[in-house]
Each structure stands twice: as C-alpha cells, then as structure tokens.
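These numbers come from a predicted model, not from an experiment. By convention in this document, chain letters (A, B, ...) are assigned in the order of the sequence lines, proteins followed by strands, and residues within each chain are numbered from 1.
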Amino acid sequence: MADLLSELNQQQKTAVAVPPGPVLVLAGPGSGKTRVLTFRVAYLIAAMGIPAYQILAVTFTNKAAREMEGRVAALLGGKADGLWLGTFHSICGRILRREAAYLPIDHNYVIFDSDDQVSLVKRVIKEKRINNKDYRPTQVLAKISQAKNDLMGPDEFPIFSTRDETIKVIYKAYQEYLEASNAMDFDDMLLYTARLLEQHPEVRQKYAQRFRHILVDEFQDTNQAQYTLLYYLASQHKNIFVVGDEDQSIYRWRGADYHNVERFMKDFPEAKKILLEQNYRSTQTILNAAVAVINENTNRTEKKLFSDRGSGEEIVIYEAGDDYDEASYVVDTISRQLLLGQAKESDFAIMYRTNAQSRLLEDAFRRANMNYRLVGAQRFYGRREVRDVIAFMRLIYNPQDEVSLARVINVPPRGIGSVTLENLQEIARQHGLSTGDALLLLGSESGKEMETALGRSATRLIPFGRMLADWRVQLSRVPLTTLFDQVMLDTGYELYIKDDGGEDEDRWANVLGLRQVLLEYEDQGLAEFLEAMALVADQDTLPDTLDAPTLMTLHTAKGLEFPQVFIIGLDEHYLPHSRSRDDPEEMAEERRLFYVGLTRAKNRLFLIRARRRRSPYGSYESMQPSRFLEDIPVDLIRGRITRSYEQVDAYELNAIRWNQTYGPPKSSHQKSAPPAAPMQQFFPEMRVSHPVYGEGVVRKSRLEYGDETVEVYFEGLGLKALVASMSSLEVLGD
DNA sequence: GCATCGGATTTTTTT
DNA sequence: AATCCGATGC
C-alpha cells in the first residue's frame, strides 16, 4: 500500500492512514476531499484488512456516491464487494426495508416525493376544511419538514401561534395518511432510521456492531436526524471518519446545521482533527478572492488555503446593461474562445442563484446555435406522463398508496370524477380499508355488498378494480416490461397521451424512455425501480457525454470543478437573495454559496451583474451590485462596478430624496447609537395586538429608513404590513 | 362529470 | 408570464 499513499501530500496521507477512532477532516475547497475519502476506504480494505461489508460510506448526493464508487473500484480492482456506499436516503432505505417489522408500515412501502407530499397536504387541507389561502401546502410542508429534521413527530410539534396549532393538525393527519398509504416521505426515511436505532437497542447493536468503520462526506450539511443516526451507528466502534467544510455549508434551509461539527467534537472528545489546506484546483488569484469573500463571515475556523498553481489570470467583472445583455455576454465570451481554439465546450460552467435565471441563457445559447447542458430544472421525472406511469407502477406494487390511486384512478378519463372517488374513499373508511384495497375488493367476487352501497358509482369503479387486480397477479408472473406494456394497453394510455394537446409529440417518447429504465430493473425488481425513481434526482440522469457548457445553480455546483466559471446575477436581491436580507445567518449562508461558486473555478472566473433586470413579474427594475463584489480586492479584478442614482430603484430613491429634503430619519431619543441595530421591537412569532385588526402574530419585521416595518398575520384577515410608529401595535405577553 | 373561463398567486436552493 | 384554483355552464 505504500504506492497508494505516495500519490498524496502530507496532510492527505495523515488523514488516509490515521489510526482507527473518530476523525474530523476539515477540508478546504479543492483540497482533495473525495480523494482522501476514497483512499481511506481503499486503505481500510487493502492495508488494514477490514472486510468491505464492515464499512459504511455516506454521501449526500447520488452523484457523489457514484463517483466514490467508481474511484474505490478503480483503486481496488473490484475488491469492494459488500461495501455499503450510498446517500443517506438510500442507506436508510436499505436499513428500513430490512427492519420494517419495527415500523408503522410494512416492507413494501413507497417513497413520496415532494409532489406527492403536496398532493397529500392539499387533500388534508381540503378534508379539514382549512382555509387554503392562508395555509399553502409548500409552506406547511416546510414546517413539517423542519420538525422532522429535528426529530419531532406531530405530537412534539412546537406551538408558538394559532397558526402552528393548525399546522400541527395538518401534520398529524398528513402523517396518518402516509402510514395508511404504506408510504414515507424523504424526511421520514431519516427520522424513522434515527428512531429505530434510538428505541431498539437490539437493532442498534446489530448495525453498530456490523459497521466497524463509518465515513461521511459533506459532514457540515448533516441535520439533526442525520447526526443522530450516525451517532448511533458509530456507538459501538467509534470509528467515524467525517469530512467537511463549514464554509461550504449551504443547506441550512434543509435543516443542515454546521454546528454538528462542534457537536461531533463534544461527543467524541478524543477525535483527531486534520486540516486539508492545499488547494489543487484554483489559481492563487481565484483562491485569494474566495478567501477575501469568506473571511467576512464570523464564527468560523480560519483555514490557511494556499495553491501552488501560480497567480493566473485576473478575475473578470462585467457589468451588463440588462439581463439580456448578461446572457449574450456569456455566450459571446464562450463562443469567441471556442472560435479561437482557446478552450473546449465542456470547460465552461455558468452558475446562478435560482433556476429561473437559466431561461435567458438558454435562449442566448439557442440563438447562437450552441449546445448546452442544463442541470436540474426541466425535470424528466416531473413530467406529467412520467409521473402518471410511475403512479400506475406504484399502485400495483402497493395498492394502499392513496396519492397514486387518486392520481391515476381517472387517467385516462374513465368516468370516475371527484364525487365517485370520494364515495369510494368513504366506503373504504367505513370498512376500515385503504381506498385501493376497497377498489380491489369491489372488483372481486366478494365485493357485492360494497357494490350495492356504492350504487351508480360502482359501475365505473369495478372495471378499474378488476384491472388493478389483474396487474397485481401479473406482477409476480411476467417481466416488468411486459406488465408495463399491459398497463399501457389496458388503459389506452398511448392514445390518450398522443391525443392530448398535440404539440408535444415527445410525450410518448418519454413514456418509452421510462420503459427503457424499467428494463434495466427487470432483474432487480419493482421495489428497487420505484426506490430509484424516488431517490434519483434529475441531475443524475443527464448525459455527461455531451461536450457543452454546463448551466446549473450554485447549489448543484458544489463538489464540481471547471476550468472556466461564470457566475451571473451578482446583484442584490439575487445573490444575496432577497429572502435572506433580514436574517444574518441566512446572509452568511448566501456568502458561503458565493464562496462555493468562486472555488469551482480552476483557471478563469467571470463575475457578471446587470444594471437592470426584468423582474419575474412585469417590467424592468434597477439593480444594485451585490455586496459580495465589494469584498473582492481590486487588484485581483479586471473591470469595474458602478453605483449611480439611475440604478437606485424607485422605492429606495424616494427614501433618498426624503432624506435629502428632511434630513435622515433619526429619532430624537437616540443620539449617537451605533448605526446598526437601533430599536427593533418586533420579532417573528411574537404575539401582538392592533386596535383595529385585533390579535395577530408577527411574521417578519425589519428596520427600514429609520422605522420598523412589521408583517403581521391576523387570523381571518391574512397578512398585513404595518409601520410600527404609525400603527400602535402592542406586544402581548405569553 | 367535464370543459372552459377568469382571477389570483408565485419556489431559492434538493434528497 | 405561467400556472393553479374555483366557479360556471353544458
């Protein structure tokens, strides 16, 4: 194994060959983190003689898992059989299927993705007759997800307002439906596994015993549930090797908590800490800019990143007239280099904060007749026809799946409308059955009683029930694709999808594409197919064979590198995104996001902003350059940014005029208080009372032009934005 | 039960 | 600008 280590630098060697025990590797960007992980796995197996099946390696994304798998296989030449390597969710799925006996659901559960979650929450909201204007499914789900990430079930759901009480009710019903559907959502996979290990010592013992070595990638992005489950898995041998970088923590909104790094050191005080500081990716110029940006964040362990790649070229800053110009600049710059033969297509990546920003870029590429690869966004698995077909398969696999049943029971239309479905659901409830089981029963010999009870609705339902029953019989007898063809034939889906709309001839092609994927799972089975459908994101499905520039969000860019990187939309409200304006923690995360983007670049970096942009709604808006641009030392930059009155948007301009005329808004009491943090009185979740609107709960509050703007939610009235000094709001004690 | 229309509303990031 | 929802009419 000497030659294995000889390819590594000193710090990397130390990490790879570290003696067993807890280890924390803090790895700067481009410092060979994945390399260390894969070499460590290889080292354990080849040098220390650990059997592969006693090793668990966890990543966040499928992409990372696949990459590790490939590299380990290359290092060991296929001696890694039995190694558990996968994403958190796939590992949990594996454990949960084996240990289904301990769960509220059985082993052929299905996984609900975010669309399924939304459908289910909608149904709950409707059934509970809750005002759907005030309770948006995505918002409710965000709260539920947050709770689950913190290992809280419906009963532990924290209540701070009447709104929370309602959400708790929805959460509870939602969870009941999931169980009745023999289903779990993404968060449940983590939650169930963590609970399983916590509450059943015999199960915990089994896995903790088995996994002599645990390795974790992107540790800074773990949430509470993930941390807990790792903690229990490592409880026996304590050989847990985690790799992370606080500065690249960008999933706070998903419950990630980089404090888990500190928690790790507390829980495993004997842990060795290793820093990887040499960057092999970027030029010193790029690295310096990135360091300057990230140094503005407080509360972090400072790393001394260095590169031996030389200073390289200056960073180019381009200020476009508008967003249209921004896109053209990117495409022009790329095509010029291509024309001159200075670069190849796949050298380039273009990154942005939100998916919506890809639109103009795509147009520009198309106009220039150039290929591009778009990661994420237009989702194959999100297409209606694809989801329909998956829903059929899911229903066959697990007839209790309420969401899939509701989705396809009338697709293609077979005369089963909402009333008929509701009747069926009601009958099912009376019999203590799931809707799907009721439907199956209805289609069978013994369904007579139910048939009479349903009356006219039954005539429509019975044929579908029989069909479903038949498919289920087929499931165990014929190959998956044969079953698939049968479903398409029985339902007349081809005709239905081809007829529909007309313009999109690709739709049937998508269905056939899915059939092709199914073919690959012929040997493994439907369960594996469905799990892959749920857990494999779209970005994993893109062909990386196409030689073309890549378009992606900053989030998906993490872990990747490109010779040339464009980051567009470097304007306030875009990056940093406007939604993080009021929360310093979120602002710090925006900065980390930018840092992640900067450090993707190997040789050249282009930072682009636009003086004005078409707002997502309606007309043009003037932009201010991103505050992050100011943090890049000027000597690293070519090009400059400007700020002028013309660019100030109307709202802000009024405030400026006001100040020029009447002097800055300053309350007479506060003399020379520091300019920041003057006197915010209202904070989210506070209960307040208003003379006219009554009692409400503060959603948001911010200081603006010397006053405080408070957004308050009043039951029955909705959200109101109030100016604190004008509205005599009063804070209510608890 | 289904199609159509008009009005309202909007996701930041993803397993 | 595009999508979703609810109401309306057939």
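For the residue pair A/Thr354 / A/Gln357, a side-chain donor-acceptor distance below 3.5 Å is found, with atom types taken as modelled. A/Gln248 and A/Tyr595 are not linked by any side-chain donor-acceptor pair at a separation below 3.5 angstrom, with hydrogens and angles left out of the test. No donor-acceptor contact under 3.5 angstrom links the side chains of A/Tyr109 and A/Asn398, judged on distance only. A side-chain N or O of A/Gln175 and one of A/Lys148 form a donor-acceptor pair less than 3.5 Å apart.
Taking the salt bridge (charged side-chain N to carboxylate O under 4.0 Å, His left out) definition, one finds that A/Glu198 meets it with nothing, sequence neighbours left out. Legend: residues meeting side chain to side chain contact (heavy atoms under 4.5 Å, CB included) with A/Ser145, ordered by chain and number and at least two apart, are A/Asn149, A/Asp187.
Interface remark: the A/His89 side chain does form a donor-acceptor pair with the B/dT15 base, using a distance-only criterion of under 3.5 Å.
The nucleotide whose nearest atom lies closest to any side-chain atom of A/Arg353 is, among B/dT14, B/dT15, B/dT13, B/dT13. Of the candidates B/dT14, B/dT12, B/dT15, the closest approach to any side-chain atom of A/Tyr251 belongs to B/dT14. Each of B/dT9, B/dT15, B/dT11 was ranked by its minimum atom distance to the side chain of A/Arg136; first place goes to B/dT9.
For B/dT14, one of the phosphate oxygens OP1 or OP2 lies less than 4.0 angstrom from a side-chain nitrogen or oxygen of A/Thr553. Of the side-chain N and O atoms in A/Asn355, one or more sit less than 4.0 angstrom from OP1 or OP2 of B/dT14.
Rounded to a whole Å, the CE atom of A/Met587 is 17 Å from the P atom of B/dT13. Across the protein-nucleic acid pair, A/Met351 atom CE and B/dT12 atom C1' stand 17 Å apart, rounded to whole Å. One atom, NE2 of A/His555, and another, C1' of B/dT11, lie 13 Å apart when rounded to the nearest Å. Across the protein-nucleic acid pair, A/Arg254 atom CZ and B/dT11 atom C1' stand 15 Å apart, rounded to whole Å. For A/Glu585 and B/dT12, the CD to P distance is 20 Å, given to the nearest whole Å. Rounded to an integer number of Å, the gap from CZ of A/Phe594 to C1' of B/dT13 is 17 Å. For A/Gln146 and B/dT14, the CD to P distance is 18 Å, given to the nearest whole Å. Summarising the geometry, the separation between CD on A/Glu590 and C1' on B/dT13 is reported as 9 Å, rounded to the nearest angstrom.
When heavy atoms are screened at a 4.0 angstrom cut-off, A/Thr420 is found touching the sugar-phosphate backbone but no base atom. Among the protein residues, A/Asn410 comes within range of the sugar-phosphate backbone only, with heavy atoms under 4.0 Å from sugar or phosphate atoms but none that close to a base. In this structure, A/Phe186 reaches the bases: a heavy-atom distance under 4.0 Å links it to at least one base atom across the strands shown.
Evaluation of A/Trp253 against the base of B/dT13 yields a stacking contact (centre distance < 5.5 Å, interplanar angle < 30°).
When each of A/Arg300, A/Arg592, A/Lys558 is paired with A/Asp247, the salt bridge (charged side-chain N to carboxylate O under 4.0 Å, His left out) condition holds for A/Arg300 and for no other.
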Are any protein N/O atoms closer than 3.5 Å to N/O atoms in nucleotides 2-5 of chain C? If there are, list each pair with its distance.
residue	atom	partner	partner atom	Å
C/dC5	OP1	A/Lys122	NZ	2.6

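Nearer the 5' end of DNA chain B, as judged by each residue's closest nucleotide, is the contact made by A/Gly415, out of A/Gly415 and A/Leu190.
Taking atom P on both nucleotides, B/dT11 is separated from C/dG6 by 16 Å, rounded to a whole Å.
Aromatic ring orientation, A/Tyr251 versus A/Trp253: tilted (interplanar angle from 30° to 60°).
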